[in-house]
Amino acid sequence: MDALALAVGCLSSPTTPFLSPPRSLPRNHKYTRRNPALSKTLDKSHAFTFAAPSSSSSPATIRPSNSSARRAAIAEVEASTDLDSTLSRVEGILQVQDYNNILCYFGELRRWTEVSQLFDWMQKHKKLNFASYSSFIKYMGISHNPMKALQAYDSIPDKSLKVNVSICNSLLGCLVKNGRFESSIKLFNRMKDDGLSPDLVTYSTLLSGCRKVKNGYSKAMQLVQELENKGLHMDGVIYGTLLATCASNNLCEEAESYFQQMKDEGCPPNLFHYSSLLNAYSVDGNYMKAEKLVNDMKSSGLVPNKVILTTLLKVYARGGLFEKSKELLAELELLGYAEDEMPYCLLMDGLAKAGHIHETKALFAEMKQKHVKSDGYAHSIMISALCRSGLLKEGRMLAKEFEANCNKYDLVMLNTLLRAYCNTGDMDSVMQVLGKMDKRAISPDWNTFHILIKYFCKEKLYHLAYRTIEDMHGRGHQLNEDLCSSLILQLGQSGFPSEAFSVYNMLRYGKRTLCKSIHEKMLDLLVAAGLLKDAYVVMKDNMERISTSSLDKFAVSFMRSGNINLINDVFKALHRSRRQINPDIFHAAVSRYLGKPEKTELLLQLLQWMSRHGYCVDSSSRNLLLKNSHLFGQKQLIAEILSKQHMMSRKLRSQEVKK
DNA sequence: GTAGGGTTAG
């Protein structure tokens with residue numbers, strides 16, 4: 001099985017190509033010079049030429065004329081509007097590392113078309129090495145295209161190159177970045193089987209994936225154990241990742257203890273470590289600890305940067321210290337650290353969750369007025385805040401405004417929009433958003449399904465809700481019990497008992513423990529709908545959770561119209577529940593058998609079973625049997641059994657009187 | 001070794 005096949009199960013549902021990559025270079029970008037790839041290459045070439053001028057025996061010596069040809073060729077490729085033809089024209093001048101540098105140049109500019117085109121060309125002309133694969137895979141990860149990364153990996157012809165640690169790290173990092181933690185672990189195990197020797201980078205890559213998954217911390221611990229078993233020692237980056245994992249999993253004490261352990265091991269904390277620990281303090285808004293930490297940090301000679309101050313703002317906002325938050329926001333503005341929406345979002349979210357909707361709105365307006373750069377987070381927070389505080393129409397309006405002005409969508413935003421439209425019963429817009437999701441191949445998550453199902457139920461579109469639940473279950477999402485229970489009842493009442501039963505089964509097989517009352521409701525519903533075979537299954541599996549009256553109703557119905565061959569089994573099941581069996585049920589069974597002379601054998605078995613277990617038929621059933629026993633050709637036998645039962649019941653009754 | 005790892009928002 002190749003890596004693609006291994007991961008394709010998880011990848012077939014599309015990834016979340018969130019906010020398209022930045023159009024301009026990141027601020028701290030390593031290519032700040034005009035032609036970085038070029039300088040990088042040429043620095044090396046010159047170093048070689050000048051450091052070893054006498055080694056004329058080396059055929060690799062690059063003469064200035066040669067280097068200026070390379071310089072020109074690189075510039076030409078980077079500026080080209082027709083990559084393929086430019087590449088063919090300069091073929092022979094450039095070396096593999098030149099192509100790699102150009103690849104990085106395009107990659108850092110987020111010019112994905114060129115990245116792919118160049119890489120294709122390099123593959124076709126066999127101008128690549130481990131660094132080419134590693135870089136290409138990394139960029140495919142950044143551009144949210146893990147599929148292409150996997151294809152590139154699978155295309156590597158050389159087996160030993162496939163377990164090159166750098167390539168493997170890139171691919172694992174690509175999967176992790178795109179939320180495919182599970183597949184990255186599977187692939188990691190495969191790679192180890194194939195001969196990969198993981199290093200610290202491998203482990204920190206995988207550890208960073210633990211931040212956003214369920215039980216992330218315990219998975220992180222497994223990885224730490226593994227790296228230690230391999231004789232590797234945790235370095236500053238690994239500690240940084242661990243601290244971030246603790247913070248994301250709300251494990252403040254663990255974060256503190258790793259922070260201490262790291263210092264004890266002689267590794268001085270840097271800004272990454274401080275910001276992660278600060279982030280851990282933000283969970284419960286522990287501003288006392290946060291402020292002390294920032295002071296410690298300053299004493300150690302570190303200067304708080306944008307991330308530290310922004311995280312401190314998060315601590316204040318979470319802790320409800322809105323005055324302090326506002327002061328800090330003003331400071332960030334002065335420092336030029338509030339050019340994007342992050343700090344505003346932190347404060348808006350804090351305000352909104354504390355119920356200060358008007359202040360949230362004011363800050364949102366201020367942000368707009370200041371033309372703060374936005375990727376949609378602020379809208380998402382504001383729309384949710386409006387909906388939460390009951391300002392549904394306003395929430396819907398803002399959602400519409402966002403859609404009219406922005407063309408950036410990710411799953412969270414789409415869910416936010418859906419919620420806003422569902423809240424106002426705007427079915428058309430709901431459908432449009434679903435269309436957008438489809439078009440962009442963004443797959444719905446648990447929240448999406450939950451929003452839709454709740455909405456469909458509210459609109460009494462029960463069958464649609466049912467189909468949505470089926471879809472949700474089919475994709476492996478845990479079903480919400482309350483929502484399903486109410487849908488089960490509604491489906492039953494609106495003439496879809498089989499669908500109700502299907503929902504019940506999905507719920508039952510997905511969860512270990514269910515609320516007790518659901519089984520009885522399901523049983524009642526199936527009995528009412530005459531689906532007695534299904535009812536029998538529910539009854540058999542959940543007898544101790546079902547009231548006697550519901551069991552009785554089921555049993556009587558079953559005797560009247562259930563599968564006649566299962567009647568005796570139903571009695572045995574009832575007997576196992578150790579509850580008194582209502583005589584009406586025996587009566588109903590006897591009547592049923594009387595109408596089916598060909599089932600005499602079953603009737604006799606039932607009567608004998610009754611005698612063995614101390615039951616006896618009531619007088620009306622006995623009379624009925626005696627009157628009709630000629631029908632069965634077993635007149636004598638039936639009379640004997642009945643008289644035995646009769647005597648036994650007399651004996652029992654007299655014993656009770658004595659007591 | 002031309003390469004790969006950690007910090008803040010809905």
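Each chain gets a letter, A, B and so on, in the order the sequences are listed, and its residues count up from 1.
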Is there a donor on the side chain of A/Asp199 or the base of B/dG5 sitting less than 3.5 Å from an acceptor on the other?
no
Using a heavy-atom cut-off of under 4.0 Å over every strand shown, decide if A/Ser276 touches base, sugar-phosphate, or nothing.
sugar-phosphate
What nucleic acid atoms does A/Asn279 come within less than 4.0 Å of, heavy atoms only: base, sugar-phosphate, or nothing?
sugar-phosphate
So what does A/Ser134 touch, heavy atoms closer than 4.0 Å: a base, only the sugar-phosphate, or nothing?
sugar-phosphate
Given B/dG5, B/dT8, B/dT7, the nucleotide with the shortest approach to the side chain of A/Val201:
B/dG5
Tell me the interatomic distance from A/Leu312, atom CG, to B/dT8, atom P, rounded to whole angstroms.
15 Å
Nearest to the A/Val412 side chain among B/dG10, B/dT7, B/dG4, which nucleotide is it?
B/dG10
Answer yes or no for A/Lys298 and A/Tyr274: cation-pi contact, defined as NZ/CZ to six-membered ring centre under 6.0 Å and angle to ring axis within 45°.
no
Ring centres within less than 5.5 Å and planes less than 30° apart: is that true of A/Tyr377 and B/dG10 in this structure?
no
Calculate the interatomic distance between A/Tyr258 atom OH and B/dT7 atom C1'; express it in whole Å.
18 Å
Please examine the side chains of A/Asn415 and A/Val433, heavy atoms only from C-beta on, and report whether any two atoms are closer than 4.5 Å.
no
For a quick check of understanding: with a heavy-atom distance under 4.0 Å over all strands, which category does A/Val96 fall into, base, sugar-phosphate or nothing?
nothing
Ignoring the backbone of A/Val307, work out which of B/dT2, B/dT8, B/dG1 is nearest its side chain.
B/dT8
Looking only at the side chain of A/Met342 (C-beta and beyond, no hydrogens), which of the listed nucleotides B/dG6, B/dT8, B/dA3 gets closest?
B/dT8
Once hydrogens and angles are ignored, does a donor-acceptor distance under 3.5 Å link the base of B/dG10 to the side chain of A/His379?
no
On the six-membered ring of A/Tyr153, is A/Lys162 placed so that its NZ or CZ lies under 6.0 angstrom from the centre and within 45° of the ring axis?
yes
Charged N to carboxylate O under 4.0 angstrom, A/Lys306 versus A/Glu339?
no
Distance in angstrom units between A/Leu223 CG and B/dG5 P, rounded
17 Å
With sugar-phosphate meaning primed atoms plus P, OP1 and OP2, does A/Asn270 contact a base, only sugar-phosphate, or nothing at under 4.0 Å between heavy atoms?
base
Please classify the nucleic acid contact of A/Leu172 as base, sugar-phosphate, or nothing, using heavy-atom distances under 4.0 Å.
nothing
Once side-chain hydrogen bond (donor to acceptor under 3.5 Å, both in side chains) is applied, what residue pairs with a partner in residues 233-251 of chain A remain, sequence neighbours excluded?
A/Arg211-A/Ser248, A/Tyr239-A/Gln261, A/Tyr239-A/Glu265
Contact class for A/Arg318 (heavy atom, under 4.0 Å): base, sugar-phosphate, or nothing?
sugar-phosphate
Look at all strands and tell whether A/Ser384 reaches a base, only sugar-phosphate, or nothing, counting heavy atoms closer than 4.0 Å.
nothing
On a plain distance test, is the side chain of A/Ser204 in donor-acceptor contact with the base of B/dG5 below 3.5 Å?
yes
Tell whether A/Thr241 reaches the base of B/dG6 with its side chain through a donor-acceptor pair below 3.5 angstrom.
no
Could you tell me whether A/Asn415 contacts a base, only the sugar-phosphate backbone, or nothing, with contacts defined as non-hydrogen atoms closer than 4.0 Å?
nothing
From C-beta outward on A/Ala244, which listed nucleotide comes closest to its side chain: B/dG6, B/dA9, B/dG4?
B/dG6
Rounded to whole Å, the CD-C1' distance (A/Gln95 to B/dG1) equals 15 Å
Of the candidates B/dT7, B/dG10, B/dA3, the side chain of A/Asp349 sits closest to B/dG10
At 4.0 Å (heavy atoms only), tell me whether A/Ile238 reaches a base, stays on the sugar-phosphate, or touches nothing.
base
Side-chain contact check for A/Cys345: nearest option of B/dA9, B/dG6, B/dT2 is B/dA9
In the structure I gave you, are the side-chain heavy atoms of A/Leu452 and A/Val430 within less than 4.5 Å of one another anywhere?
yes
Pairing donors with acceptors under 3.5 angstrom, does anything connect the side chains of A/Tyr139 and A/Glu108?
yes
Of the options B/dG10, B/dT7, B/dG4, whose atoms approach the side-chain atoms of A/Met413 most closely?
B/dG10
With a non-hydrogen cut-off below 4.0 angstrom, is A/Ile381 in contact with a base, only sugar-phosphate, or nothing?
sugar-phosphate
